Number of protein chains: 2
Amino acid sequence: MQIELKPFQALTLWKEIAVSEVRDDAHDLTMRQLAVLLTVYLEPPPHTIRGMAAKLKVTKPVITRALDTMGGYGLVDRHRDEKDKRNVLVKRTVKGALYVEKLGDLVIAKARGLPL
Amino acid sequence: MQIELKPFQALTLWKEIAVSEVRDDAHDLTMRQLAVLLTVYLEPPPHTIRGMAAKLKVTKPVITRALDTMGGYGLVDRHRDEKDKRNVLVKRTVKGALYVEKLGDLVIAKARGLPL
DNA sequence: CGAGATCATTTCGGTTCCGTATCATTTTAT
DNA sequence: ATAAAATGATACGGAACCGAAATGATCTCG
């Protein structure tokens with residue numbers, strides 16, 4: 001299965017998803033929060049605050065706040081690293097996994113309906 | 001050319017783009033602003049405030065403020081509708097077109113590099 | 001002509017987020 | 001043992017955004 005998009009298709013896909021997120025998203029996540037969430041769920045652990053801040057080229061408080069907000073929604077969880085108690089490890093949750101799964105379904109559905 | 005994504009691919013694509021936007025985006029647009037921008041550039045005019053608010057299921061001030069912000073960046077422009085001076089028509093700009101084009105390139109590049 | 005409808009903007013109080021700087025805890029190294 | 005480094009959280013002032021309601025301008029239609 002080869003993935004090949006033309007410019008208009010690519011933008012239309014992105015637009016449709018953005019519009020769907022705005023219309024229906026109960027959590028109203030920002031782009032940064034979304035980047036954090038998907039990194040946690042798609043990349044192999046461990047995920048530390050400092051590591052994610054470096055990856056996204058943002059300051060640490062940005063990550064802390066994003067985790068505060070999404071933690072409040074139940075989308076992620078945090079635990080101290082017992083090996084090095086300075087670190088905090090970001091953990092996945094059932095609710096977060098469900099949310100991410102639904103987002104994947106949305107992308108697939110929109111990609112399938114693209115004009116050719 | 002058929003577009004077919006598997007769940008992990010779809011989410012990885014979305015994650016890569018979100019991360020890129022956070023890392024490199026000079027304008028730091030919100031999801032709502034992005035939805036407005038892409039609607040203006042990908043859907044046929046005219047685009048009115050009320051129309052876009054209805055499409056995105058948000059209130060009119062949300063659209064007005066998004067246009068204020070993006071107008072400040074030079075990404076969109078506004079003009080009164082001469083036919084009905086109550087309406088405001090959202091117009092494209094050269095700078096906005098360039099920005100959207102670059103976004104399309106990003107989506108294409110990320111889609112091409114997906115793990116299969 | 002005038003009352004009401006329509007459209008975009010502005011105002012309001014409140015919330016969230018930002019970056020910088022600082023703090024508390026823990027680890028590392030001398 | 002103790003000073004320095006590393007890590008995440010917090011404080012702070014400022015900026016952006018929110019929804020609801022009020023405002024101003026324009027149009028519609030009797």
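Naming convention: chains lettered A, B, ... in sequence-line order (proteins, then strands); numbering from 1 in each chain. Note that this is a predicted model, so its numbers are computed, not measured.
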(request) Decide, yes or no, whether a salt bridge links R32(A) with E21(B) under the criterion of side-chain N to carboxylate O below 4.0 Å. (result) no
(request) Calculate the interatomic distance between E82(A) atom CD and dT25(C) atom P; express it in whole Å. (result) 16 Å
(request) Rounded off to whole Å, could you give me the CD1-to-P distance for the I63(B) and dG19(D) pair? (result) 10 Å
(message) Check D68(B) with R78(B), please: is the shortest side-chain N to carboxylate O separation under 4.0 Å?
(response) yes
(message) Could you see if M70(A) belongs to whatever hydrophobic cluster contains L98(A)? Use Ile, Leu, Val, Met, Phe, Trp, Tyr and a side-chain cutoff under 4.5 Å.
(response) no
(request) Nearest whole angstrom, please: distance from the C1' of dA9(D) to the CZ of R80(A). (result) 8 Å
(message) Parallel, tilted or perpendicular, judged at 30° and 60°: which one describes the rings of H27(B) and Y73(B)?
(response) parallel
(message) For D84(B), is there an ion pair with R86(B) - N to carboxylate O distance below 4.0 angstrom?
(response) yes
(request) With heavy atoms under 4.0 Å as the rule, sort Q33(A) into base, sugar-phosphate or nothing. (result) sugar-phosphate
(message) If you only use heavy atoms from C-beta on, which nucleotide in dA21(D), dA11(D), dC7(C) is closest to the side chain of N87(B)?
(response) dC7(C)
(message) Check the phosphate of dT7(D) against R50(A), side-chain N and O only, distance under 4.0 Å to OP1 or OP2. Yes or no?
(response) yes
(message) Rounding to an integer number of Å, can you tell me how far H79(B) NE2 sits from dA25(D) C1'?
(response) 19 Å
(message) Both D84(B) and T30(B) contact DNA chain D. Which one's nearest nucleotide lies toward the 5' end?
(response) T30(B)
(request) Using heavy atoms to find the nearest nucleotide of DNA chain C for A66(A) and K83(A) separately, return the residue whose nucleotide is more 5′. (result) A66(A)
(message) On the nucleotide dA8(C), are OP1 or OP2 found under 4.0 Å from the side-chain N or O atoms that T64(B) carries?
(response) no
(request) Kindly indicate whether the side chain of R65(A) and the base of dG19(C) share any N or O donor-acceptor pair separated by less than 3.5 Å? (result) yes
(message) Expressed as a whole number of angstroms, how long is the span from R32(B):CZ to dC18(D):C1'?
(response) 7 Å
(request) Could you tell me whether the side chain of R86(B) has a donor or acceptor atom within less than 3.5 Å of a complementary atom in the base of dG24(D)? (result) no
(request) Starting from the 5' end of DNA chain C, give me the residue, K85(A) or T69(A), whose nearest nucleotide shows up first. (result) T69(A)
(message) Taking the minimum atom-to-atom distance to the side chain of T59(B), which one of dA20(D), dG8(D), dT9(C) wins?
(response) dA20(D)
(request) May I have the distance from L89(B) (atom CG) to dC7(C) (atom C1'), rounded to whole angstrom? (result) 12 Å
(request) Using whole Å, report how far CE of M31(B) lies from P of dA16(D). (result) 20 Å
(request) Can you tell me the distance, in whole Å, between the NZ atom of K60(B) and the C1' atom of dA25(D)? (result) 12 Å
(message) What's the closest nucleotide to the side chain of P61(B) if the choices are dT7(D), dG19(C), dA21(D)?
(response) dA21(D)
